[in-house]
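First up is the structure itself, then whatever we jot down about it.
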There are 2 protein chains.
Amino acid sequence: MFTVNELALESDTPAHVVRYYLRIGLIQPAAQQENGYRLFTSNDASRLRFIRMAKHLGFTLNEIKQITQHAELGESPCDDVRKIIQHRIHENRAKIEEMMNLQERMEQALEQWDLMPDGIPDGNSVCHLIESVEGSEGHCHTET
Amino acid sequence: MFTVNELALESDTPAHVVRYYLRIGLIQPAAQQENGYRLFTSNDASRLRFIRMAKHLGFTLNEIKQITQHAELGESPCDDVRKIIQHRIHENRAKIEEMMNLQERMEQALEQWDLMPDGIPDGNSVCHLIESVEGSEGHCHTET
DNA sequence: CTACAACCTGTGCGTTACACACAGGTCAAG
DNA sequence: CTTGACCTGTGTGTAACGCACAGGTTGTAG
C-alpha cells in the first residue's frame with residue numbers, strides 16, 4: 001500500500017498531479033487510512049503509468065477516463081482510441097499551421113519594428129508599432 | 001453612443017467577447033443607461049480594434065491591459081511591446097516544436113496500430129495499442 | 001516524554017480566453 | 001396590449017494543472 005507520495009514516485013508523476021487526478025476521479029484510492037490519507041496498490045501505479053503514456057500520445061484526461069471506464073466494463077476501447085488519434089492528428093496539424101502563421105506574423109512585425117522608433121501615445125494611438133502591422137482586417141477562423 | 005451589440009459590430013468583434021472584455025476590465029463603458037445597459041463611444045471602438053490587432057499578433061489579454069494602461073498614463077509601451085514579442089517568438093518556437101514531436105508520435109502510433117488487432121482488456125492491460133507505444137519512459141520537459 | 005523542524009496531507013482558489021445558459025428587459029408589428 | 005424576436009448583464013463551465021494554506025505525521029535532540 002502506497003501513500004500519494006509513494007504512488008507518485010512509483011509512477012514517475014508529480015504528487016500534485018496525482019492529487020489532481022484523484023480530484024477529478026481519474027483514479028480512485030484503493031483504501032483510506034483513519035486520518036483520511038489515501039492508499040494505493042501497485043495496480044494503481046500501473047494505471048497511472050498508463051495514463052501518462054496516453055497523455056504523452058495526446059489524449060485528453062477526459063478521453064483517458066472514457067477509455068479506462070470502457071476497459072473496466074470489459075469493452076475494448078481500441079476502436080475509439082484509433083478514432084481519437086486520427087481526429088487529434090487533424091486537429092494538431094491545423095493548430096501547428098496556425099501557430100506557424102502566428103510565428104511569421106510576429107517575426108515580420110519585429111523586423112519591421114527595427115526601423116521604427118518608440119513613440120509616445122496620444123489620444124489617437126495606443127502603440128503605433130502594433131497599429132502599423134498590416135493585414136489585421138483579414139481574420140481567419142478555422143474551427144475543429 | 002453605441003450599445004454592446006453596436007460596438008461589437010463596429011469593431012468586428014463577437015458581442016460575447018466584448019462582454020468578456022468588459023468583465024475583466026479590459027475596456028470600460030463610457031456611460032451607463034438607467035436600465036444598466038452600457039454605452040460606448042467611437043473611441044472605444046478603435047480601442048477594441050487595437051485589442052484585436054494585438055491579440056492577432058500573439059499578445060495575451062493581460063499584456064494588452066498593461067500596454068493600454070501604460071499608454072493611458074502617457075508612458076510609451078513600445079519597449080515592453082518589443083520585449084514581449086521577442087519572448088513570445090521564443091516561446092512559440094518551442095511550442096511548435098513540441099507539437100510537431102507530438103504529431104510524429106501520433107502518426108507513428110497510428111501506422112504501427114494498422115497491423116494490430118483490437119484487443120479485449122484484461123486486468124493487466126487497459127489498451128494494448130497505447131501500451132505498445134515505445135519511448136514512453138523518456139519524458140522531455142522544456143520550460144519557457 | 002517533550003520540543004521542534006521537516007515533510008506530507010487534503011482541499012480551496014487562481015490561471016486563459018472565451019462559450020453557453022438563463023432570467024429578465026426592449027422594441028416593432030399587429 | 002400582446003406576442004415574438006432580439007438584446008442585456010451575469011453566473012457558471014471549460015483543461016490541466018500550480019500554488020498556498022492549515023493541519024497532521026515523522027524523525028531527532030534533549
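Naming: A, B, ... by sequence-line order, numbering from 1 per chain. Below, all heavy atoms of this structure are taken into account, side chains as well, without hydrogens, waters or symmetry copies.
Contact annotation: B/Lys55 side-chain N/O to C/dT16 OP1/OP2 distance is not under 4.0 Å. Not one side-chain nitrogen or oxygen of B/Tyr21 sits closer than 4.0 Å to the OP1 or OP2 atom of C/dA17.
The distance from atom CD1 of B/Ile27 to atom P of C/dC18 is 12 Å, rounded to the nearest whole Å. B/Leu61 places its CG atom 9 Å from the P atom of C/dT16, with the value rounded to the nearest Å. Spacing between atom NZ of A/Lys65 and atom P of D/dT14 amounts to 10 Å, rounded to whole angstrom units. Atom pair B/Ile24:CD1 and D/dT10:C1' shows a separation of 15 Å (rounding to whole Å applied). Taking atom NZ of B/Lys95 as the reference point, atom C1' of D/dA16 lies 13 Å away to the nearest angstrom. B/Ile51 places its CD1 atom 16 Å from the C1' atom of C/dT16, with the value rounded to the nearest Å. Atoms CD (B/Glu34) and C1' (C/dG24) sit 18 Å apart, rounded to a whole Å. Look at CZ on A/Arg52: it is 10 Å from C1' on D/dC17, rounded to the nearest Å.
Look at A/Glu107 and B/Arg93 and you find a salt bridge, because one of the NZ, NE, NH1 or NH2 atoms lies within 4.0 Å of a carboxylate O, short of that distance. Here B/Glu72 pairs with B/Arg47 in a salt bridge; the nearest charged N to carboxylate O distance falls below 4.0 Å. No salt bridge links A/Glu98 with A/Lys95; every basic N to acidic carboxylate O contact stays at or beyond 4.0 Å.
In terms of modelled atom types and a separation under 3.5 Å, the side chain of A/Ser42 and the main chain of A/Ala45 share no donor-acceptor contact.
Hydrophobic cluster membership is shared by B/Leu7 and B/Val17, with clusters built from Ile, Leu, Val, Met, Phe, Trp and Tyr side chains linked at under 4.5 angstrom.
No hydrogens or angles considered: nothing links the side chains of A/Gln66 and A/His70 as a donor-acceptor pair under 3.5 Å.
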Could you run down nucleotides 4-15 of chain C 5' to 3' and tag each one B, S or - for protein heavy-atom contact under 4.0 Å?
----SBBBBB--

